[in-house]
Amino acid sequence: MPAKYTIEQVESALTQLNQNLPVDDQWAIKNEKLCKTFKFKNFISAFGWMSQIAICAEKLEHHPEWFNVYNKVKVELTTHDASGISELDFKLAEKMDLYKT
Ligand SMILES: C[C@H](O)[C@H](O)[C@H]1CNC2=NC(N)=NC(=O)C2=N1
């Protein structure tokens, strides 16, 4: 079972995750979750990306909380088994950025 990250571990991993992202495309911690809203050109692009991430999530055995409306996907990552943020949330976040064109 993944261990819940300490505040220091979250801060450090967040800095690393955001280091190559523009200021308007960064991950943030909100309500103890790793959050970002992804915007696409239309619904098909958003849903295509979600399908790719669904395969990643299955491989990682770690699943996102996300909310899609048309071309936007609001993502809130947390590890239910750890009651907080863990390494798996950062792994999934990396995949999300990687598959976002
Ligand atoms: C057995 C299975 O691996 C676990 O239930 C996984 C599934 N996906 C999960 N996803 C998330 N976000 N948190 C979890 O704790 C979690 N647990």
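In listed order, ligands and their atoms are each counted from 1.
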Below 4.0 angstrom from a heavy atom of Thr79, which ligand 1 atoms are there? Numbered from 1 as shown, please. 13 (N), 15 (O)

Note: Lys30-Glu76 ion pair, threshold 4.0 Å (strictly below): no

Side chain, backbone, both or neither: which applies to Asp89 and ligand 1 if a contact is any heavy-atom pair less than 4.0 Å apart? neither

Protein contact of atom 14 (C) of ligand 1 - nearest heavy atom, named by residue and atom, plus distance: His80 N, 3.5 Å

So which heavy atom in the protein is nearest atom 3 (O) of ligand 1, and how far is it from that ligand atom? Glu61 OE1, 3.2 Å

Under a 4.0 Å threshold between the charged nitrogen and the carboxylate oxygen, would Asp25 count as salt-bridged to Lys100? no

Nearest-contact summary for atom 10 (N) of ligand 1 - protein heavy atom, Å: His63 N, 3.0 Å

Could you identify the single nearest non-hydrogen protein atom to atom 4 (C) of ligand 1 and state the distance to 0.1 Å? Asp81 OD2, 3.7 Å

Nearest 0.5 Å please: distance from the CD atom of Glu61 over to the CG atom of Asp81. 10.0 Å

So, applying side chain to side chain contact (heavy atoms under 4.5 Å, CB included) with Leu34, which one of Val10, Leu92, Leu17 is it? Leu17

Charged N to carboxylate O under 4.0 angstrom, Lys33 versus Asp89? no

Test His62 against Glu87 for side-chain hydrogen bond (donor to acceptor under 3.5 Å, both in side chains), laying out the working first. CA-CA 11 Å; His62 193 66; Glu87 185 188 12; over 6 Å; no

Against heavy atoms of Thr78, which atoms of ligand 1 measure under 4.0 Å? 11 (C), 12 (N), 13 (N)

